[in-house]
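These numbers come from the heavy atoms of this one structure, side chains and all, not from hydrogens, waters or symmetry mates. Lettering follows sequence order; numbering is per chain, from 1.
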Amino acid sequence: MSGAGHAQFRYTQTPSKVIHLRNLPWECHEDELIQLCSPFGKVVNTKCNVGANKNQAFVEFAEQSQAIAMVSYYASSPDPAHIRGKTVYIQYSNRQEIVHNKSPGDVPGNVLLVTIEGVEAGDVSIEVIHLVFSAFGFVHKIATFEKAAGFQALIQFSDAETACTAKNQLDGRSIPRYLLPPHVTSCNLRISYSAHTDLNIKFQSHRSRDYTNPYLPVNSTAFEGSLQPGLGTDGKKLEPESNVLLAAIENMQYAVTVDTLHMVFSSFGPVQKIAIFEKNGGTQALIQYPDVTTATVAKEALEGHCIYDGGYCKLHITYSRHTDLNIKAYSDRSRDYTIPNPNIASSQLSGVPSASTTWQTHLVTSEYPNSGYAAAGPVDPSQEPSSWPPGASPAAGSIHTGFQPDLRPGVSSPPYYGK
DNA sequence: AGCACA
């Protein structure tokens, strides 16, 4: 009998909680498979459109007994299973579970591929990208490029966990509007994993950065005029780059202390020294970084932005001619963070009024609803200071935190100094 | 009508 042969075949099949279905109708949908199989048990996974003709599929049950029930039922049933009128043949799969082919972009890694939708390459600076992604951990390297998909960036983190956190928080969201040029209303981030593990950045430029190596040569020709005022070809006065920034604070409706400036400028790297002084009836400050690269990053990110929302305490930043500030005494107008001083540290802890330090997190929270984004920077102080040049500020734990809690005047303070 | 990797 021919039936005996079939029976023989069936009995030699190793049972599996996965069943193989064939002779399915064209582009059979998962719903149709579930409808067919769920009377026998709980379907936990499917894989459709399998095989050369895309007319096969796999269904995985929660329990092998459920698969056995289904195979047994149709083995002895006078009317076969059918979908859309086609007879469906069912047997155990020769595998014990369904494994989905992950597309490369779904395989986690420490490097993210970010597509910034709806912008020109010039609309989003690498500094802004750095600022946004630094909220989740130390960003090692960034490379940007333009592809058919649009403006893209590769962001390298220390590990896949950090990258995953950033991806989960930022995928599908938009960069805060105040970090974008006025004509850009929104720019959604599409984030997948890159197959890269270590980007090969050859020089610091307007399209690539290596934050682990501040001494990497700067490719001046790779900078465009708008990003490098010192190298502009428009005849503007040359302004040599420096590791010390001169910040003029305009419309200073609220007090700006060294603590305020330290918090704001520490987002880009360790701040070594700060000095505040009056000049020409306005307030200015000198902020010293260990290297020019960090200063450049800070300058590009902060220029023209306001410490407080509403246009208050607007920063106008240029390079100072100084390279090493001579800070004589600790005060509310000057600070040398390269000199460890426990007394100062404790007086900071108790002496900083809640309204003294700020960044614009209230804007961030409106752009990233429910994300916990502003507070999301899981800073691991043990992780990164070694990457920065020696002599980093004692407050190095606050570096590369990106956005920090907003302590606008009158807004109560999260325990930023509390550790 | 007969087992998923690229």
Side-chain angles (χ1 to χ4, degrees), chain A residues 1-115 145 147-150 152 154-156 160 163-164 167 171 190-200:
Chain A
M1 294 264 276
S2 62
H6 284 268
Q8 192 71 26
F9 191 58
R10 275 201 304 275
Y11 297 140
T12 58
Q13 292 277 297
T14 308
S16 167
K17 62 179 187 290
V18 183
I19 59 169
H20 174 226
L21 304 98
R22 56 200 151 82
N23 199 39
L24 293 167
W26 177 246
E27 288 187 351
C28 179
H29 200 258
E30 183 184 42
D31 304 341
E32 297 170 293
L33 296 175
I34 293 173
Q35 201 175 352
L36 178 69
C37 299
S38 56
F40 299 93
K42 186 180 182 190
V43 174
V44 296
N45 215 341
T46 66
K47 188 174 180 63
C48 307
N49 301 324
V50 168
N53 299 323
K54 306 276 189 198
N55 58 356
Q56 301 174 45
F58 297 92
V59 169
E60 181 176 334
F61 284 102
E63 301 294 336
Q64 192 183 76
S65 62
Q66 298 165 349
I68 291 173
M70 183 168 182
V71 170
S72 306
Y73 175 83
Y74 283 111
S76 56
S77 169
D79 19 74
H82 57 85
I83 291 178
R84 281 188 241 159
K86 285 198 75 177
T87 297
V88 176
Y89 299 89
I90 298 166
Q91 61 190 155
Y92 301 116
S93 171
N94 53 25
R95 298 193 198 177
Q96 292 299 311
E97 60 181 10
I98 290 177
V99 282
H100 281 283
N101 299 330
K102 282 188 175 169
S103 55
D106 294 334
V107 179
N110 65 317
V111 179
L112 297 177
L113 172 62
V114 181
T115 304
F145 47 91
K147 278 282 181 64
Q152 295 187 303
L154 290 163
I155 318 285
Q156 179 175 337
C164 179
K167 179 179 184 294
D171 194 12
R190 290 292 161 204
I191 306 179
S192 62
Y193 293 105
S194 164
H196 289 95
T197 56
D198 190 21
L199 304 177
N200 182 19

Residue-phosphate contact under 4.0 Å: A/Arg22 side-chain N/O, B/dC3 OP1/OP2: no

Atom-to-atom span, CG of A/Asn53 to C1' of B/dC3 - whole angstrom: 13 Å

Between B/dC3 (P) and A/Arg95 (CZ): distance, integer Å: 11 Å

Separation of atom CG in A/Asn55 from atom P in B/dA4, rounded to whole Å: 13 Å

Shortest non-hydrogen contact between A/Cys28 and A/Arg84, atoms and distance: CA-NH2, 3.6 Å

Earlier contact from the 5' end, DNA chain B, for A/Tyr89 and A/Val50: A/Tyr89

Distance, rounded to the nearest Å, where A/Gln56 contributes CD and B/dC5 contributes P: 11 Å

Heavy-atom pair of closest approach, residues A/Leu33 and A/Ala57: CD1-CB, 3.6 Å

Between A/Phe61 and A/Phe40, ring centroids under 6.0 Å: no

Distance, rounded to the nearest Å, where A/His20 contributes NE2 and B/dA4 contributes C1': 8 Å

A/Gln96 CD - B/dC3 P separation (whole Å): 17 Å

d(CG, A/Leu24; P, B/dC3) in whole Å: 13 Å

N or O in side chain of A/Asn101 less than 4.0 angstrom from B/dC5 OP1/OP2: yes

d(CD1, A/Ile98; C1', B/dC3) in whole Å: 11 Å

Sugar-phosphate only, base, or nothing, as touched by A/Glu60 at under 4.0 Å among non-hydrogen atoms: nothing

Derivation and outcome, side-chain contact (heavy atoms from CB on, under 4.5 Å), residues A/Leu112 and A/Leu154: CA-CA 6 Å; A/Leu112 297 177; A/Leu154 290 163; over 6 Å; no

